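A quick note: this is a predicted structure, and the numbers were derived from the prediction, not measured.
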Amino acid sequence: MRNAIALSALLSAALLLGYGPTPTPLKADDHASDEATETNQEGWIDLFDGESIESDWQVMSGKATYRVEDGSIVGTTEPGSPNTFLCTKRTFGDFELTFEVLLHDNQLNSGIMIRCLNDENQNQQYGGRIKGPQVEIEAGPGQSGFIYGEASGGWLSPEPKSPDRSVSTHDHFKNGVWNEYRIVAQGPRIQTWLNGEMIADLTVSDRYQEQYAEGMIGLQVHGVGNRGPFTVRWRNLKLRELPAE
């Protein structure tokens, strides 16, 4: 009995001094994580309300048409038109952007502009020329998710320049169905994911970042000459601004 009492006393002392068992860390599904999850959801805004584009968006650089149908934005090519963009009236600097896109025709190349600017000295018959970083959208296998300098230097991502097609192309874009994109732009670093797969992790040059540190979000309908018409759809466009890096 004395030995049992002594052992109990020793264990109590060890716990008081901090030598006891290490507390079990909370799991992701424990209640303590609920508040963090709710906090992470704060700050998201809908760039498109699913009903109208007139108040928050503007057509720039070309004559392609945009309309709202079944909760999505539908862009349709126009014969003879250059690249056309539906751009936000607001500008953004550092942000996280998510959306879904569907290409109806595998022949249509598209993209989404981030931090883009309008050069009013070019393409004046259409009110200017949209320039800046663009995240590629095209049928797979292809280069969707890589980053292109629209009217600003061509490919910024190094992978599409590779002669090795196993590097320059991939099959993460699914043809004929909705595809999920996620873009994080913070300072000179731009990261992209396509259907949950990371595609690009790019740091642009200081000079490029200085020029395109803030700008519009733009939905591209690519010029296709006299072919077509072709269409592309976007939905669930959500953005949250991030603190400057």
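- Checking side-chain atoms of N123 against main-chain N and O of G128 turns up a donor-acceptor pair under 3.5 Å.
- In the hydrophobic clustering of ILVMFWY residues, with side-chain heavy atoms under 4.5 Å counting as a link, I217 and L202 come out together.
- Using a distance-only test at 3.5 Å, with no hydrogens or angles considered, a donor-acceptor pair links the side chain of T84 to the main chain of P82.
- A side chain to side chain donor-acceptor pair (under 3.5 Å) with E96 is found for exactly one of Q191, K238, R182, namely R182.
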Legend entry - Verdict with reasoning, L194 to E136, per side-chain contact (heavy atoms from CB on, under 4.5 Å): CA-CA 11 Å; L194 171 56; E136 187 77 1; over 6 Å; no

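- Counting non-hydrogen atoms of neighbouring residues, nucleotides and ligands closer than 6.0 angstrom, the CD atom of E210 reaches no more than 12 such neighbours.
- Summarising the local packing, CD of E120 is surrounded by 12 or fewer heavy atoms from other residues, nucleotides or ligands at distances under 6.0 Å.
- For the atom pair H172 NE2 and Q143 CD, the distance stands at 13.5 Å (nearest 0.5 Å).
- Considering only heavy atoms from C-beta on, T88 stays 4.5 Å or farther from D56 through its side chain.
- Here the straight-line distance linking atom CG of N179 with atom CG of N195 works out to 4.5 Å at 0.5 Å rounding.
- Between the side chain of D49 and the backbone N or O of E51 there is at least one donor-acceptor pair closer than 3.5 Å.
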Inset, instruction - For the pair D164 and S162, evaluate side chain to side chain donor-acceptor pair (under 3.5 Å) and give the outcome as yes or no after the intermediate values. - result: CA-CA 5 Å; D164 184 352; S162 173; 5.3 Å; no

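- Rounding to the nearest 0.5 Å places CD of Q58 at 6.0 Å from NZ of K89.
- Using a cutoff of 4.0 Å between basic side-chain nitrogens and carboxylate oxygens, R233 and E69 are scored as salt-bridged.
- In this structure, the side chain of N118 engages the main chain of G127 through a donor-acceptor pair within 3.5 Å.
- Checking side-chain atoms of S110 against main-chain N and O of Q220 turns up a donor-acceptor pair under 3.5 Å.
- The backbone N or O of A200 sits less than 3.5 Å from a side-chain atom of T192, completing a donor-acceptor pair.
- Ion pairing between D94 and R240 fails under the 4.0 Å rule for side-chain N and carboxylate O.
- Under a hydrophobic-cluster definition in which Ile, Leu, Val, Met, Phe, Trp and Tyr are linked whenever side-chain heavy atoms come within less than 4.5 Å, directly or via other members, L108 and V135 are assigned to the same cluster.
- Following chains of ILVMFWY side-chain contacts shorter than 4.5 Å, one can reach V101 starting from V68, so the two form part of one hydrophobic cluster.
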Legend entry - Step-by-step side-chain contact (heavy atoms from CB on, under 4.5 Å) determination, I199 to F173: CA-CA 11 Å; I199 304 298; F173 190 93; over 6 Å; no

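- Closest non-hydrogen pair, P229 versus D105, comes out as O-OD2, 4.4 Å.
- Looking at T76 and V221, their side chains never come closer than 4.5 Å, going by heavy atoms from C-beta outward.
- Taking the six-membered ring for Trp and thresholds of 30 and 60 degrees, F92 and F95 have ring planes more than 60 degrees apart, a perpendicular arrangement.
- Taking CG of L237 as the start and CG of L219 as the end, the distance is 6.0 Å to the nearest 0.5 Å.
- Side chains of K63 and Y126 form a contact here, defined as non-hydrogen atoms less than 4.5 Å apart.
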Inset, instruction - Go through Q209 and R189 one step at a time and tell me if the side chain to side chain donor-acceptor pair (under 3.5 Å) criterion holds. - result: CA-CA 9 Å; Q209 170 62 13; R189 188 180 187 186; over 6 Å; no

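- In this structure, D119 contributes its side chain and L117 its backbone to no donor-acceptor pair below 3.5 Å.
- Y181 and T98 form no side-chain donor-acceptor contact under 3.5 Å, judged by distance and modelled atom types alone.
- Using cut-offs of 30° and 60° for the angle between ring planes, the Y148 and W155 rings count as perpendicular.
- At least one donor-acceptor pair under 3.5 Å links the side chain of N83 to the backbone N or O of G223.
- S157 places no side-chain N or O within 3.5 Å of a backbone atom of E159 that could act as its donor or acceptor partner.
- In this structure, I147 CD1 and L156 CG are separated by 7.0 Å, a value rounded to the nearest 0.5 Å.
- Within 6.0 Å of NZ in K174 there are more than 12 heavy atoms belonging to other residues, nucleotides or ligands.
- Checked by atom type, the side-chain pair E180/N236 shows no donor-acceptor distance below 3.5 Å.
- Linking Ile, Leu, Val, Met, Phe, Trp and Tyr residues whenever their side-chain heavy atoms come within less than 4.5 Å leaves I130 and L97 in two separate clusters.
- Interatomic distance, CD1 of I190 versus CD1 of I183, reported as 9.0 Å (0.5 Å rounding).
- Counting heavy atoms from C-beta outward, Y66 and V74 have side chains that stay 4.5 Å or more apart.
- For the 3.5 Å distance criterion, the side chains of N106 and E138 fail to qualify, holding no donor opposite an acceptor.
- Two different hydrophobic clusters hold F85 and F230 under the rule that ILVMFWY side chains link at heavy-atom gaps under 4.5 Å.
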Inset, instruction - Show your working on side-chain contact (heavy atoms from CB on, under 4.5 Å) between Y208 and S152 and close with a plain yes or no. - result: CA-CA 9 Å; Y208 197 88; S152 57; 2.8 Å; yes

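- Inter-residue side-chain proximity for M113 and M216 is flagged as unmet; no heavy-atom pair is nearer than 4.5 Å.
- Looking at T91 and E214, their side chains do bring a donor and an acceptor atom within 3.5 Å of each other.
- Using a 4.5 Å heavy-atom cutoff, the side chains of V232 and L102 are not in contact.
- A side-chain donor-acceptor contact under 3.5 Å links W57 to the backbone of L47.
- Counting only N and O atoms by type, the side chains of D70 and S72 include no donor and acceptor under 3.5 Å apart.
- Considering only residues two or more places apart in sequence or on other chains, F146 meets the ring-ring contact (aromatic ring centres under 6.0 Å, His included) condition with H170.
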